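The chains referred to below are lettered A, B, ... by the order of the sequence lines, with proteins before strands, and numbering in each begins at 1. As a basis for the values below, the full set of heavy atoms in this structure was taken, side chains included, without hydrogen atoms, waters or symmetry mates. Because the structure is a prediction, the values reported are computed rather than measured.
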Amino acid sequence: MEILVAIMVGVLVAASVYLMLARNVLRFLFGLILISNAANLIIFASGRLTAEAPPLIPEGADAPLETVANALPQALVLTAIVIGFGLFAFALTLVFRTYQNLGTLNSDEMRLAEPEEGGK
Amino acid sequence: MAKSGAEVPRVYGGPAGWISVAVPAAIFAWMLQYVGPVSDGNPVLLALDWVPSMDIRLSVLIDGLSLTFALLISGIGALVTLYSTKYLGNHPEYPRFVLFLMMFMVGMLGLVLSDNLIALFVFWEITTISSYLLIGFSSDEAKSRRSALQALLVTGTGGLALLAGMILLGNVAGSFELSVILTQGEAIRAHPLYVPIVILFLAGAFTKSAQFPFHFWLPNAMAAPTPVSAYLHSATMVKAGVYLMARVNPALGDSELWFWTLVIAGGFTTVFASILAVRQTDIKQVLAYTTLMALGALTLFIGTGSPDAIKGMMAFLVVHSLYKAALFLMIGIVDHETGTREADRLRGLGRKMPLTFLGGALAAISMAGIPPFVGFIGKEFLYKAGLGHEQATWWITGTIFAASVLMFVAAGIAVLRPFTGKLADADTPQTPHEGPWAMWIGPIILGVFSLGFGLFPDTVEAWLVAPGTWAVYGDYDYTVDLYLFREANAAFLLSLATFATGAFLYTVHRPMRAWLGRVMEANPIKFDPGWDRVLDGLKAVAGWQTRILQSGVLQRYIFTIFATLAIGVGATMYLKDVLNFRVDWAAEFDGLVFKHWAVLVFITAGAILTAITSSRMTAIAALGVVGIGVALIFIMFSAPDVAITQLLVETLVVVLVAVAMLKLPHLGLAKDRKRRPVHAALAGVVGVLVTLVMVAVLQGEIDLAITEYFETASWPEAYGRNIVNVILVDFRAIDTFGEIAVVVIAALSAYALLRGTRYGNTDDEIEEGRK
Amino acid sequence: MKTSIILVAATRLLTALLLLFSIFMLLRGHNLPGGGFIGGLIGATGFVLYAIAQGAEATRRTLRYEPQNIAMVGLGIALAAGVFAAFFGEAFFTGQWWFAGADPSDPDDKGLPISSVLVFDIGVYLVVFGSILTLVLALEEEV
């Protein structure tokens, strides 16, 4: 399953890179969501996939009795999801605000910081 | 000057004023307790682990050198802050000033007391930054801002060199503790990295202590308020470089490179600065250049390195701090009460400002080196050390002779001329009158010390100079003996010659000044304008490379980033031959059932659909499919916590997108055909590379040591049965704390973005822009 | 905006239920799936639902405290839980435990465990809860 997940992640990354290269910043945003999902899957699958054995210690035992899923990547991914959400929300408000202030979603037309003339 | 409208007169600066006096006074009193042990030759070492894994400790080394500095910093600090309560007490930004000054004091004390090189560096940088803030205190004046930036850039660049030098030294010596490093002088000097270490250390020390050719920032730094000049730029901060050289002298000193670099640079700075000093008409500038001269002399004598030279250096260090701070404070009072510092306009102030005159005169006599003041002792021992050293005898002695003569003249210009003679009425912007006690008390106390130490040289010898000499020279058996006068030897005769020449030059100093001015004008090499040209050059280079690298088109930036990634990863994989593996496809398909295939297909399809659709709603729906699919993978492979989080976040993403879409009816996904085949090709390459890297990683062995530790420790040590949660809130809690801080920052930034930043555009204008 | 009356009526109950459930998830998190992140997300989801049904202003009134303040307080609690260990001479974020009413002779009897770790998780909960509501409510109000 890991190899298949790897191939699928490749497709996810390709799709998100393609989206992020678009001039429409909304597409860029979608690419951002996809690539953070892809990154989470990479971390998760790199810790190996174990079916139906959550990393819990049964009542009365000091350690898991049999092999359980790798807890470390899970902890990493859990926080990464929440942070990814924060990043996404910030990017979304940025896009939203940009549209309200500049009236465009085309990144070529957003030249406030770096005007067309090139360097002030 | 005043920026805010609130002008509440403060009595002695209000609470900020009193606190600022009490803190250094208390530190001074506290440091006094170490005088006993240190003067017996027993340095005190205190330590607190800070980052033990990187050998960074907050360790304090109190020996003669650091104690001398600490006493000067806190003692003069108390007088300067007391002085400031009157000098700046009613300034609207006074509390800010006190804050910077305290910050500086902490930095400076930390610098001289640290036993750890890294801690020393941190404090070193604190002094740089607080000095920047203090020089630029009058931030509404362009001159202040320029001087502050110049000081910051010069000393900051030196600081970076110093950091590099410290890391090299720490690696060579095997420890970052000074107390360890200082015992390994032999090994360090024999190491091949010795030369780079010395160069980097001296780059730091020379910039900080304004040695030629980095001297130009110090006179400009006089744009700071006078208490700052008195404190930072004469008594303490600029001596940090001197301190550093003295500190590492046992480890780095005693080599040809060290000797000649310090002796030549120090000597040149000394002469060069004392000539420039006489040239100035602004008394504060005169003092600034004599400070430069003193720093040069200190460097010269550290370089000379003989016990006599170190003794002379330590004596002169104390002497100079005492009189120079007093003189700066004095000129501050004159400036405050008359409104000018021009030597030609000030005459006969002595009758109007007797106490200021007294304080200034005590200091000036010491500076001129007239007995029985301690300045005489300082000068005598410098002469003795110079005459007694077999290498470069005439260079050292001659330098000090020239400097002493010109110091004599400078003392005359700074005090004798303004305070004596006939009072010239209406020549000053304000009618001269005596300053308040809080201001003149400082110069008088310092002046009394100059006299007292001169009359009783044994005290300063036993308390400060002898322990300091031991620490710098690295030998606790050397006998230090200071005295005022014992016999008419060569040094004494030189002193007499100094007075005669000095007195003569003082009488002709005004024509001499004009002549010097003409000579200087003719000199083609000017450092200050040169500095401007360097900065302009840097800006031009920065502008040029910005134009090359930054086209301003987002799409191109992203393309560059991903192309670089693809080339970097691809080349590495090719060169390292990581693709040398076989995939066991049979094992891969083993145990896969319908649900696995379904999830894989759904996610893949969702991703592709998101990429190619031109419908907004389709894209959002497809993204949702991907998100849920990923959550299903987490569920299937035993990650319930992650799956729940993913589902909830996915829900919230959809809600946020939906809300945003609701408010933005025109948000469509316009067709974007330009250059898309190239983009698709790059995307494909990056995707394939990611897959290959991941497969390569999966073929390797996995090291589960950390996971096993968490599994076995989770219940017995952290009392939790959910290992993932225990990792988050206990084992790796500090990481989690950082992460939730990021979440808060993201939320607050988004909030500020939504609430605070709307340009003047009306909806009509937006419509206009869309057309 | 016109809203379904069923939605309005149901959200009051649903929000309360979700809030309760989120606290349940928070508290059981140390031993079973759950914890501060998940709890915070569930709690926030409840109020997001409320905001959709009743509008942002009503939600702010119901919350009583500004969500960004809740997030900052959460961050402060989490930091305090970490600094707490320093008072006992241990490294930052070392868990401190108190087993209320436990029988000391029985190693498996933990009584009612109260710990700085739980306090930290509560901080995480409040941060996640407050941050998400800060975002959603601000976006809701922005027309």
Under the 3.5 angstrom rule, does the side chain of [X] hit a backbone N or O of [Y] as a donor-acceptor pair?
| X | Y | result |
| --- | --- | --- |
| B:Ser638 | A:Thr50 | yes |
| B:Thr691 | A:Ala6 | yes |
| B:Arg721 | A:Pro58 | yes |
| A:Thr93 | B:Leu754 | no |
| A:Arg48 | B:Leu698 | yes |

Query raised in the report: How far apart are the C-alpha atoms of B:Phe637 and A:Asn70, what are their side-chain angles, what is the distance that settles it, and do they pass the side chain to side chain contact (heavy atoms under 4.5 Å, CB included) test?
Result: CA-CA 10 Å; B:Phe637 294 99; A:Asn70 194 345; over 6 Å; no

Can you give me the closest heavy-atom contact between [X] and [Y], atom names plus distance?
| X | Y | result |
| --- | --- | --- |
| B:Leu728 | A:Ala75 | CD2-O, 3.7 Å |
| A:Ile57 | B:Gly720 | CD1-O, 3.9 Å |
| B:Ile723 | A:Ala71 | CG2-CB, 3.6 Å |
| A:Gln74 | B:Val642 | O-CG2, 3.5 Å |
| A:Ile42 | B:Met694 | CG1-SD, 3.7 Å |
| A:Phe30 | B:Ala619 | CE1-CB, 3.6 Å |

Pairwise distance [atom1]([X]) to [atom2]([Y]) - rounded to 0.5 angstrom:
| X | Y | atom1 | atom2 | value |
| --- | --- | --- | --- | --- |
| A:Ile33 | B:Thr610 | CD1 | OG1 | 9.0 Å |
| B:Phe589 | A:Ile3 | CZ | CD1 | 9.5 Å |
| B:Asp641 | A:Leu78 | CG | CG | 6.0 Å |
| A:Met8 | B:Phe602 | CE | CZ | 13.0 Å |
| B:His679 | A:Leu19 | NE2 | CG | 12.0 Å |

Query raised in the report: Should A:Phe85 and B:Leu656 be marked as a side chain to side chain contact (heavy atoms under 4.5 Å, CB included) after you check the CA-CA gap, both sets of side-chain angles, and the distance that decides it?
Result: CA-CA 10 Å; A:Phe85 175 73; B:Leu656 278 188; 3.8 Å; yes

Go through [options] and name the one with the most non-hydrogen pairs under 4.5 angstrom from chain A.
| options | answer |
| --- | --- |
| B:Ile608, B:Ile633, B:Ile745, B:Val744 | B:Ile633 |
| B:Ile558, B:Leu689, B:Val743, B:Val690 | B:Ile558 |
| B:Leu652, B:Ile644, B:Val724 | B:Val724 |
| B:Ile740, B:Val653, B:Leu682, B:Leu692 | B:Val653 |
| B:Pro640, B:Ala713, B:Gly700, B:Ser749 | B:Ser749 |
| B:Ala639, B:Ala746, B:Ala622, B:Gly627 | B:Ala639 |

Structural part of [X] lying under 4.5 Å from a heavy atom of chain B:
| X | result |
| --- | --- |
| A:Ile7 | both |
| A:Leu76 | neither |
| A:Ala45 | both |

Of all of [options], which one pairs up most often with chain B through heavy atoms under 4.5 Å apart?
| options | result |
| --- | --- |
| A:Ala91, A:Ala69, A:Ala51 | A:Ala51 |
| A:Val25, A:Leu41, A:Val9, A:Leu29 | A:Leu41 |
| A:Leu49, A:Leu72, A:Asn40 | A:Leu49 |
| A:Val11, A:Ile81, A:Val82 | A:Ile81 |
| A:Gly86, A:Pro64, A:Gly47 | A:Pro64 |

Query - B:Phe634/A:Phe44 aromatic ring centres below 6.0 Å - result: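 Ring centroids of B:Phe634 and A:Phe44 are less than 6.0 Å from each other.
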
Requested in this report: Please lay out, stage by stage, how A:Asn37 and B:Gln646 fare under the test side-chain hydrogen bond (donor to acceptor under 3.5 Å, both in side chains).
Outcome: CA-CA 9 Å; A:Asn37 272 324; B:Gln646 170 78 15; 3.2 Å; yes

Which portion of [X] sits near chain A, non-hydrogen atoms under 4.5 angstrom:
| X | value |
| --- | --- |
| B:Leu600 | both |
| B:Val693 | neither |
| B:Trp544 | neither |
| B:Ile702 | both |

Query raised in the report: So do A:Met20 and B:Phe562 actually touch side chain to side chain, heavy atoms under 4.5 Å?
Result: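 A side-chain contact exists here, since the closest heavy-atom pair is under 4.5 Å.
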
Query raised in the report: Would the number of heavy atoms belonging to other residues, nucleotides or ligands and lying under 6.0 Å from CD1 of B:Ile706 be above 12?
Result: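 Check fails, neighbour count at 12 or below.
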
